[in-house]
Amino acid sequence: MTKKEPNFKALFPIALFLILYLGNGIYFQYINPTEGVMGFYVVSVVLAFSISLIVAFLQNRSLTFDEKIHVCARGIGDDNIVIMLFIFILAGAFSGIAGAAGGADSTANLLLSIIPGRFTVPGLFLISCIISMSMGTSVGAISLLAPIAVAVADNGGLSKALCVGVIVGGSMFGDNLSFISDTTIAATKTQGVEMKDKFRTNIRVAFPAAAITLIILIIYAIVSDETVAGVYKYNIWQALPYFAVLILSVIGINVFIVLFAGCALFTIVGCFTGTLTYSSTLASMGNGISGIFETMIVTILVASIAALIKENGGFEAVLAMIRKKAGSKRGGMFGIAFLTAFMDVATANNTVAIVIAAPIAKDISREYGVEPRKVASLMDTCSCITQGIIPYGAQLLVAANLSGLAAFSMIPFLIYPFILMVFVVISIVKEKNDKKEFFSVIPHLKGSRVTLKQISPEDEDGLREMVKSEAVYRYLPTFLYEKKYEDVSYVIDHLYTECLQDSLILGIYVDGEFAGLAEMYGYNKELRKVSVGYRLLERFWGQGIATETLSLLMTYLTGEAGMEIITASTMEENHASAAVLKKNGFELVAHADEDWGYGVPTPACKWIR
């Protein structure tokens, strides 16, 4: 695996898209409007992303055109992208046949008859929260509820943008908290935490934001003159499929089954009540699917652009910037929040954003001591906030497609995501910048030539070369962690989980090249005591690398880590390591026979500083 070098130029396609789509949209909507033309429809989102994709292809001349096609294919073929595309097809069919069968109108009129006139909008928010949490997908919930919201607005004389915007906001609440949501699964699995722990952390931020949103909507409903009143006609049979779908969602049935069942039920009811014929059934589902094509094309284009940006080092550039700016636990949390939000802006898919950001966020969490459950909650919440706001995201595109509104026109009514953003900031600011406890964070130490940092999969070849060298381990114990397993990739994967319980191992890098391992072990919290060791590839011997490595460890341990006693052990015949220890202020205090795994006691020298 080749490590990608940070490259901010790789992010240019995102900037270009924002200029083409948002820039032209704002210009034609507010600066130079044309009567009868919606400004944000002047430049198609598909055209803007297509131009951005062309620019992304023109970058990185080290790759051939065919190789870039392969990069895009990998991005489009991601499981989450494929699932989303299939959901779009079913959602389009469901929306088309539900409307043709009269289900949307009948359900809307039934709700208008039940919900007190002034509280229709708060009722829509509550319903969308419950349904999306049950379904585990915001797109599915929006596909289900947007036609109802439009019908409610039309029949009740309410603002269509407000009703649909409230549905989108409530759907993001459920997507964020649902146990079956793909964002929840991605966030918890990548950080190694239980869903219940992430939920408990998440609900402390999401519930107050939802409660305040509901209060605002209730106040709006009370003071507003937009009272829904009158007698509304509906056919209970035409409304029943919607309620059947809602029940299936509540009990946790897979979204594909829910939408497929909805299509089947509306077909039966429509034929039974006379609103559908065989030909109109096929036509309505076909029209619904056709209407969702633009959203599907945008999803494919964004996946391609994101894959090329990642390949060209754009995402690595974002990580480098975060590492440079974050200097504390709060800084690390803000970094994770920004990282996830940025990835969502770049990919327009909250699940994909989490998957891309996850390994970087994990590194940041270790470096700044952020608990994994908080990392999972931050990633899920921030991706949902951004996804619910960007006008080219699937949620607003689907809502716009089903309502006939411009996606940008609904943004002012996305009350919940904006309030949730405020609560996320408050939760981070309130976080205590606790003193880092040893072994809870992975330090990143940089010297003149040597860098000590977390080892990564890119170092697999170098580590394999080292563990096979008899000369490297001639004066070392036989039970070192990297020697316990034949599979070097397993060692790297478990170095900061399984091994971290007993020791903290950093990679040694010389001018960016893997050179060996530095280890801190035998930590005693009460005495503030720890032992140190290292091993180097043969080609780095005799260059002062070991001396600088130990110097970096001493600076970190006696300074930031607050260690008071530091010890080391060497074989008696290992004179080179003894010289390195002396240069770093260690004193020889004893000779002793120790068990180093050779079957007989090993004569060793004990050092202390």
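Just so we're clear, the structure is a prediction, and the values are computed from it rather than from any experiment.
- Within the 4.5 Å cutoff, the side chain of Ser50 has heavy atoms near those of the Leu301 side chain.
- The aromatic rings of Phe49 and Phe17 sit parallel, their planes meeting at an angle under 30°, below the 60° perpendicular limit.
- Proximity of a side-chain donor or acceptor of Lys68 to a complementary backbone N or O of Phe57 within less than 3.5 Å is detected.
- Gln395 and Ser171 form no side-chain donor-acceptor contact under 3.5 Å, judged by distance and modelled atom types alone.
- For Asp344 and Thr386, the side-chain atoms include no donor-acceptor pair closer than 3.5 Å.
- Heavy-atom minimum distance, Tyr509 versus Ile455: OH-CA, 3.5 Å.
- Distance alone, capped at 3.5 Å, is enough to place a donor-acceptor pair between the Thr340 side chain and the Ile336 backbone.
- No side-chain N or O of Thr64 forms a donor-acceptor pair with one of Asp66 less than 3.5 Å apart.
- Residues Thr201 and Arg373 come closest through the heavy atom pair OG1-NH1, 3.0 Å.
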task: Test ring-ring contact (aromatic ring centres under 6.0 Å, His included) on Tyr481 and Tyr485 and set out the steps.
output: CA-CA 8 Å; Tyr481 185 76; Tyr485 305 99; 5.6 Å; yes
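- Residue Phe86 qualifies as open at atom CZ: its count of foreign heavy atoms under 6.0 Å is 12 or below.
- With hydrogens and angles ignored, the 3.5 Å screen pairs no side-chain donor or acceptor of Ser409 with any backbone N or O of Leu405.
- For the residue pair Asn7 / Asn312, no side-chain donor-acceptor distance below 3.5 Å is found, with atom types taken as modelled.
- For the atom pair Ile385 CD1 and Met172 CE, the distance stands at 9.5 Å (nearest 0.5 Å).
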task: Mind running side-chain contact (heavy atoms from CB on, under 4.5 Å) on Lys468 and Tyr473 for me, showing each step along the way?
output: CA-CA 9 Å; Lys468 289 182 178 180; Tyr473 292 90; over 6 Å; no
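- Met333 and Leu378 make their closest contact through O-CD1, 3.6 Å (heavy atoms, listed as atom of the first residue, atom of the second, distance).
- In this structure a side-chain-to-backbone donor-acceptor pair under 3.5 Å is present from Ser427 to Val424.
- The closest donor-acceptor contact from the side chain of Asn176 to the backbone of Phe173 lies at 3.5 Å or more, if one exists at all.
- The structure places CZ of Phe256 at 7.0 Å from CG of Leu90, a figure rounded to the nearest 0.5 Å.
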